[in-house]
Amino acid sequence: MALAALVMGGCVTTTPIYQWGGYESKLYAGYKDQTKMEELRVGLETHIAAMNASGQKVAPGLYAELGTLYLQSGDSVKARECTPVNVMHGRKAKGLMGAMIQNLERQESARAETIK
């Protein structure tokens, strides 16, 4: 019994792998009240900068979320900057980020055609 407790206790970690910076609560607040999406964007920017400055890993999907927020606000340049970073952070993000880049390119082509 004591051996089982020792073995199981060795698997428990007290420190999470990733720090999410209040992401869930800010995202929920943003879904309930669209005016809070700016607060989410600023929070993600601040949190990602802090993680990078301290050498910690940025939680999966945070770059994608930030890029999506930039895209929704019409800032395709910043949205595009988030995409290569996210692809480097995990294979699961490649499909999402590839689709996001394609959408950006289509929007930019459509704008260019409109201007002509």
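Here, residue 1 is the first one in the sequence, and each next residue gets the next number.
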**Request:** Quick one: list whatever passes side-chain hydrogen bond (donor to acceptor under 3.5 Å, both in side chains) with Glu38, sequence neighbours left out.
**Result:** Arg41
**Item:** Asp75 side chain to Ser73 side chain, donor-acceptor N/O pair below 3.5 angstrom
**Value:** no
**Message:** Looking at every non-hydrogen atom in both residues, tell me the closest pair between Tyr18 and Lys57 and how far apart they are.
**Reply:** CE2-CB, 3.8 Å
**Atom pair CE (Met37) and CG (Leu27), whose distance is rounded to the nearest 0.5 Å** = 6.0 Å
**Modelled atom types, side-chain donor and acceptor of Glu45 and Tyr70, under 3.5 Å** = yes
**Message:** Starting from Val42, can I reach Tyr63 by hopping between I/L/V/M/F/W/Y residues whose side chains sit under 4.5 Å apart?
**Reply:** no
**Request:** Test side chain to side chain contact (heavy atoms under 4.5 Å, CB included) on Glu65 and Tyr23 and set out the steps.
**Result:** CA-CA 10 Å; Glu65 187 69 48; Tyr23 167 71; 2.8 Å; yes
**Asked** Should Gln72 and Leu69 count as side-chain neighbours, where that means a heavy-atom distance under 4.5 Å?
**Response** yes
**Asked** Out of curiosity, does Leu62 fall in the hydrophobic cluster containing Ile17 (side-chain heavy atoms, cut-off under 4.5 Å, transitive links)?
**Response** yes
**Message:** Holding to side-chain hydrogen bond (donor to acceptor under 3.5 Å, both in side chains), I want the full list of residues that pass it with Arg106, two or more places apart in sequence or in another chain.
**Reply:** Asn103
**Asked** Rounded to the nearest 0.5 Å, how far apart are OH of Tyr28 and CG of Leu40?
**Response** 14.5 Å
**Prompt:** Atom CD1 in Ile48, atom CD in Gln19: separation rounded to 0.5 Å?
**Reply:** 13.5 Å
**Prompt:** Going from CD on Glu39 to CG on Asp33, what distance comes out if it is rounded to the nearest 0.5 angstrom?
**Reply:** 9.5 Å
**Prompt:** So which heavy atom on Ala79 is nearest to which on Leu71, and how close?
**Reply:** CB-N, 3.8 Å
